[in-house]
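Below: the structure, in structure tokens.
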Amino acid sequence: MKLEKIKKKLEELNIKVYYGSAEKSSKDLKEYIVFGRDKIKLNDSKMSTTDYYDVVIVVEGWIAEGFVDEVIEALSEIGIKKSKEDIDFKYLVRNDISYEIASVKFFDTVGRTRWR
């Protein structure tokens with residue numbers, strides 16, 4: 001299954017990975033990734049769909065230079081491509097600790113759909 005492949009590939013980056021939302025135990029983590037499905041779009045041809053995914057990187061302090069590129073490269077190795085959308089950065093303070101959060105959008109086109 002595609003979601004399992006994504007999770008396994010992200011875990012190869014030696015970071016904790018969650019699907020959908022982080023667990024309560026993530027409060028004690030300094031860095032982790034949360035990924036999930038964003039939407040499925042029926043393509044204009046009505047013969048295929050495009051699956052969209054969000055990958056959110058959460059790191060105490062700041063995300064190391066090049067780590068976002070590592071995430072993009074890792075997923076491209078399994079055929080998941082970065083979308084043309086910008087990478088968004090946000091900041092959060094939790095328990096007097098600052099976190100940087102990067103949100104990266106990805107997609108995968110799936111041929112032949114049953115939705116026609």
Side-chain angles (χ1 to χ4, degrees):
M1 179 176 203
K2 198 176 313 184
L3 296 174
E4 291 167 350
K5 286 181 183 178
I6 292 170
K7 186 173 194 285
K8 184 176 179 181
K9 197 64 177 172
L10 292 172
E11 287 174 336
E12 288 178 11
L13 298 172
N14 295 317
I15 189 168
K16 185 73 176 167
V17 178
Y18 297 99
Y19 176 74
S21 65
E23 298 171 1
K24 289 183 180 182
S25 64
S26 70
K27 289 185 212 176
D28 300 326
L29 293 177
K30 294 185 180 217
E31 57 184 35
Y32 57 93
I33 291 176
V34 177
F35 79 99
R37 291 184 257 207
D38 183 33
K39 64 183 171 187
I40 300 174
K41 178 183 174 192
L42 182 62
N43 295 327
D44 292 338
S45 68
K46 304 211 183 316
M47 298 295 289
S48 63
T49 59
T50 300
D51 297 348
Y52 290 88
Y53 303 93
D54 281 325
V55 174
V56 179
I57 306 163
V58 181
V59 175
E60 181 180 320
W62 60 84
I63 298 167
E65 260 184 74
F67 187 71
V68 172
D69 295 330
E70 288 180 41
V71 170
I72 293 167
E73 178 62 29
L75 292 185
S76 73
E77 290 174 7
I78 58 170
I80 308 294
K81 301 162 203 74
K82 188 202 168 295
S83 78
K84 292 181 181 180
E85 292 185 45
D86 295 339
I87 298 171
D88 292 325
F89 288 87
K90 299 202 178 343
Y91 301 88
L92 166 75
V93 175
R94 181 170 60 187
N95 299 330
D96 294 328
I97 299 171
S98 295
Y99 293 86
E100 183 170 62
I101 303 166
S103 179
V104 188
K105 305 272 188 197
F106 291 88
F107 72 95
D108 182 38
T109 301
V110 181
R112 287 282 179 205
T113 180
R114 291 182 254 153
W115 294 4
R116 300 185 277 151

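- By the 4.5 Å heavy-atom criterion applied to side chains, Val59 and Phe67 are not counted as neighbours.
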Run Tyr19 and Phe35 through side chain to side chain contact (heavy atoms under 4.5 Å, CB included) and show every step you take.
CA-CA 5 Å; Tyr19 176 74; Phe35 79 99; 3.5 Å; yes

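- Both Ile6 and Phe106 sit in one connected hydrophobic cluster of ILVMFWY residues. Membership requires side-chain heavy atoms under 4.5 Å apart, directly or through other members.
- A salt bridge links Lys9 with Glu12; the closest basic N to acidic carboxylate O contact falls under 4.0 Å.
- A 6.0 Å sphere centred on CD of Glu65 holds no more than 12 heavy atoms belonging to other residues, nucleotides or ligands.
- With a 4.5 Å cut-off on side-chain heavy atoms, Lys5 and Ile80 do not count as touching.
- A chain of hydrophobic side-chain contacts below 4.5 Å, direct or via other Ile, Leu, Val, Met, Phe, Trp or Tyr residues, connects Ile101 to Val34.
- Aromatic rings of Tyr18 and Tyr32 (six-membered ring for Trp) have centroids within the 6.0 Å cut-off, being under it.
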Is there a side chain to side chain contact (heavy atoms under 4.5 Å, CB included) between Ile72 and Ile87? Walk through the geometry before answering.
CA-CA 11 Å; Ile72 293 167; Ile87 298 171; 4.2 Å; yes

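- When the side chains of ILVMFWY residues are joined at heavy-atom separations under 4.5 Å, either directly or via intervening members, Val58 and Leu92 end up in a single hydrophobic cluster.
- In this structure the side chain of Tyr53 never reaches within 4.5 angstrom of the side chain of Lys105, judged on heavy atoms.
- Of the residues listed (Leu13, Leu10, Ile33), the one engaging Ile57 in a side-chain contact (heavy atoms from CB on, under 4.5 Å) is Ile33, and it is the only one.
- Contact record, Ile63 with Ala102: CD1-CB, 3.5 Å, taken as the closest heavy-atom pair.
- Across all their heavy atoms, Ser48 and Leu42 have their closest contact at O-CD1, 3.7 Å.
- Classification of the Phe107-Tyr52 ring pair by plane angle, with boundaries at 30° and 60°, yields tilted.
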Test side chain to side chain contact (heavy atoms under 4.5 Å, CB included) applied to Asp108 and Lys81, step by step:
CA-CA 6 Å; Asp108 182 38; Lys81 301 162 203 74; 4.2 Å; yes

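- A continuous path of hydrophobic side-chain contacts links Leu3 to Leu75 [ILVMFWY only; heavy atoms under 4.5 Å].
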Run the numbers on Ile97 and Lys30 for side chain to side chain contact (heavy atoms under 4.5 Å, CB included), then give the verdict.
CA-CA 10 Å; Ile97 299 171; Lys30 294 185 180 217; over 6 Å; no

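- The shortest non-hydrogen separation linking Asp54 to Ser103 is OD1-OG, 4.5 Å.
- The CD atom of Glu60 sits 12.5 Å away from atom CD of Glu100, with the distance rounded to the nearest 0.5 Å.
- Counting only heavy atoms from C-beta outward, the side chains of Lys8 and Ile78 never approach each other to under 4.5 Å.
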